[in-house]
Amino acid sequence: MSGDQPVVPINFIRKIVEDDLKAGRIEGRIATRFPPEPNGYLHIGHAKSICLNFGIAEDYDGTCNLRFDDTNPHKENIEYVQAITEDVRWLGYDWDDRLFYASDYFEQLYAFAVELINRGKAYVCDLTAEEIREYRGTLTMAGKDSPYRNRSITQNLDLFGRMRNGEFPDGSRVLRARIDMASPNINMRDPTLYRIRHGVIHHQTGEEWCIYPMYDYTHPISDAIEGITHSICTLEFEDHRPLYDWVLDNISAPCHPQQIEFSRLNLQYTVMSKRKLTELVNEGYVEGWDDPRMPTIAGMRRRGYSAASIRDFCERIGVTKSENSVEMGMLEYSVREDLNGHAPRRMAVLHPLRVIITNYPDDKVEYLEAVNHPQDESMGVRTLPFTREIYIDRDDFREEASSKFKRLVSGGEVRLRYAYVIRCDEVVKDAHGEVIELHCSYAPATLGVNPEGRKIKGVIHWVSSRFGVPAEIRLYDRLFNHPTPDAARDGKNYKDQINPDSLHTLTHCILEPRLAESKPGESFQFEREGYFCRDSKLGTESYLVFNRTVTLRDSWTKIEGQHD
RNA sequence: UGGGACGUCGCCAAGUGGUAAGGCACGGGGUUUUGAUCCCCGCAUCCGCAGGUUCGAAUCCUGCCGUCCCAGCCA
């Protein structure tokens, strides 16, 4: 340990690490790794693993490698490598010069396979894929030995060499471990170690190889080569641990890392499998891997989630082996907490309603001072131009309302944030009875002071119509209608539960002028509305596009729902 | 029904024989020129169920029940 207490609460994996350290079971230093397959973008579930692996390395003075598990060139490509690299770095982690690829080890992997053959622990099998499946047996029935299981070492060596040389077509032969076809653990029934794949260009090794090693064989050896001490993975690999150990026990491995499994993250109202996320992208349900509705790191970043908030979330949910279904409220709490502390406040009107302040001169402009953060003076101040014509939000006006409604009503008064108290004198409607404009009067003596003799209950935000800048604002809702869209119900799959209203685009919003200077990717709190992030892809210098990251906590809709 | 794992408050999660932490959510109150923030207070006589061991069990034993994962030449 590097001295201070770990900032992250202790979990069962950290406990194991600490115990190993105390017992002197670790030769050098703690070494972990994050091993993504470059076949899709990283999501919030990966963030949990990244925080765990890199976090342990940081807190116990160890190292964490970034290693691409690239043994299946059919599904992988270099774009994903780049996206994953960027996302891990953005989350705030660094691997120095320890960026590896499983494909870096292909030659060593091959040599270890030859060693296995020489020890009589692996053989070349000529069964077809279908036959292998039949021979494997079932969950309740033992499998039976392949007729090729007892080939001589010489013949296996010859055949395996010729597999590498490209003498056999795809699917004609595989290299298999020679373990136990009757094992109650199906993974131990002579699993495939190598398959033949001609004609694919591997993003790292090109056309150098026509045989590719399987995950179960590659992973333990890659870990051992890198001197990993704790190989942390998710629960579905628990059944594979005997195989992980078998591989290392049957070759001259440099060391034997310990595999530890934890349960993957399930977040309500979204899906977390790469296959499903890929389908959402490829079938056009979303606008891409970085669509702000996606639970991907790239999507969340674009939506306005900070790296700090994602890390905080990963700490809060903990690490265990039990199945879980985390509520969105947890994630929202983490973003709000971070953004509340760091996002400058601004004013923005989402649904504009014109207000004419009849007793304010038409040519007058006052520049009113507003703080950028009510609890953090160091964030400074800005000015807001105040004019005769302004916009307020339609939701902040009602012709009549109960006394619970603290905003503007006909004949009533309300405080304009950082400005004056105004009274609504007249409501102007169009032919359909729709309110199109309000005529108000302001109380000049109320700038920074409360009026005598009456209490102004409400404060609303506003933007000068002359100086305000137009913008598009995108409001997001959950991508799915059901908390667990993964679970099949009534013959429906997850795509049947997609929320058709997950995106609302508001095209006539008005922002306070200062926002024209914002940069793509910058986050703000639009007072009384929520946290918003300038989109990094859409919009121009003169047409701003903002994404709503999350709303502010809201006790009003609850109150409103209870009465009248 | 073979093997592996998991079941503590609506959700996440401590606890590993000495009499149920904490967070989120929720409810109540206070401060407030954001119905935000912040601050108080409340929120499992009970730990999947049933027996047993013990002075004493969520923690040990036995038996049930429930949930998840595994039959890719995917990872």
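To find a chain, count down the sequence lines: A is the first, B the second, and so on, and within it residues start at 1.
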Could you check whether [X] gets within reach of a base, just the sugar-phosphate, or nothing at all, counting any heavy atom under 4.0 Å?
X: A/T71; value: sugar-phosphate
X: A/E332; value: nothing
X: A/H461; value: nothing
X: A/F405; value: base
X: A/R336; value: nothing
X: A/R241; value: nothing
X: A/Y418; value: base
X: A/G329; value: sugar-phosphate

Think [X] has a side-chain N or O under 4.0 angstrom from the OP1 or OP2 of [N]?
X: A/Y333; N: B/rC24; answer: yes
X: A/R346; N: B/rU34; answer: no
X: A/R528; N: B/rG35; answer: yes
X: A/R173; N: B/rC73; answer: no
X: A/S555; N: B/rA36; answer: yes
X: A/K558; N: B/rG27; answer: yes
X: A/S322; N: B/rA13; answer: yes

For [X] and [Y], test the side chains for any donor-to-acceptor distance below 3.5 angstrom and give the result as yes or no.
X: A/T270; Y: A/R478; value: no
X: A/Y244; Y: A/D223; value: yes
X: A/D486; Y: A/T484; value: no

Nearest to the side chain of [X], which nucleotide is it out of [options]?
X: A/K321; options: B/rA5, B/rC26, B/rU33; answer: B/rA5
X: A/T320; options: B/rC74, B/rC73, B/rA13; answer: B/rA13
X: A/T192; options: B/rC73, B/rG4, B/rG3; answer: B/rC73
X: A/R136; options: B/rC69, B/rC73, B/rC74; answer: B/rC73
X: A/I132; options: B/rU34, B/rC73, B/rA13; answer: B/rC73
X: A/M330; options: B/rG72, B/rG23, B/rA5; answer: B/rG23

Pairwise P distance for B/rG2 and B/rG63, with rounding to whole Å: 15 Å
Using purine N1 to pyrimidine N3 plus N6-O4 or O6-N4 for Watson-Crick, or N1-O2 and O6-N3 for G-U wobble, each under 3.5 Å, what pairs with [N]?
N: B/rA71; answer: none
N: B/rU16; answer: none
N: B/rG7; answer: B/rC65
N: B/rG35; answer: none
N: B/rG42; answer: B/rC26

Let me know, please, whether A/P184 or A/K455 comes out on the 5' side of the other along RNA chain B by nearest nucleotide.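 Per heavy-atom nearest nucleotide, the more 5' residue is A/P184.
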Using heavy atoms to find the nearest nucleotide of RNA chain B for A/V449 and A/V326 separately, return the residue whose nucleotide is more 5′. A/V326
Pi stacking test for A/W556 and B/rG35: under 5.5 Å apart, planes under 30°: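 The base of B/rG35 is stacked with A/W556 (centres under 5.5 Å, planes under 30°).
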In whole Å, I'd like the distance from the [atom1] atom of [X] to the [atom2] atom of [N].
X: A/D312; N: B/rG22; atom1: CG; atom2: C1'; result: 14 Å
X: A/L552; N: B/rC38; atom1: CG; atom2: P; result: 11 Å
X: A/L235; N: B/rG7; atom1: CG; atom2: C1'; result: 13 Å
X: A/I44; N: B/rC12; atom1: CD1; atom2: C1'; result: 14 Å
X: A/Y269; N: B/rC11; atom1: OH; atom2: C1'; result: 12 Å
X: A/L331; N: B/rG23; atom1: CG; atom2: P; result: 19 Å
X: A/N187; N: B/rA75; atom1: CG; atom2: P; result: 13 Å
X: A/D554; N: B/rC26; atom1: CG; atom2: P; result: 10 Å

Quick check with a 6.0 Å cut-off and a 45 degree axis cone: is A/R316 positioned over the face of A/Y333's six-membered ring?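 No, A/R316 does not sit over the ring of A/Y333.
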May I ask you to check if A/R173 and A/F168 form a cation-pi contact, with NZ or CZ under 6.0 angstrom from the six-membered ring centre and within 45° of the axis? yes
Decide if atom CZ of A/R382 counts as having more than 12 heavy atoms of other residues, nucleotides or ligands within a radius under 6.0 Å. yes
What about [X], does its side chain sit under 3.5 Å from the base of [N] through a donor-acceptor pair?
X: A/E529; N: B/rU34; value: no
X: A/R407; N: B/rG35; value: yes
X: A/D239; N: B/rG3; value: yes
X: A/E323; N: B/rG7; value: no
X: A/R553; N: B/rU37; value: no

Any salt bridge linking A/R528 with A/D395? Criterion: basic side-chain nitrogen under 4.0 Å from a carboxylate oxygen.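 No.
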Would B/rG51 be called syn or anti, given that syn covers angles within 90° of 0?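 Classified anti.
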In this structure, is the centre-to-centre distance between the rings of A/F532 and A/F546 below 6.0 Å? no
For the aromatic rings, using the six-membered ring if either is Trp, is the centroid distance between A/Y148 and A/Y123 under 6.0 Å?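 No, they do not, as the ring centres are separated by 6.0 Å or more.
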Do you know which of A/R415, A/K406, A/R407 makes salt bridge (charged side-chain N to carboxylate O under 4.0 Å, His left out) with A/D396? A/R407
Where along residues 372-383 of chain A does a heavy atom come under 4.0 Å from RNA chain B, residue by residue in number order? A/P374, A/Q375
With under 30° as parallel and over 60° as perpendicular, where do the rings of A/Y212 and A/H202 fit, or are they tilted in between?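 Rings of A/Y212 and A/H202: parallel, under 30°.
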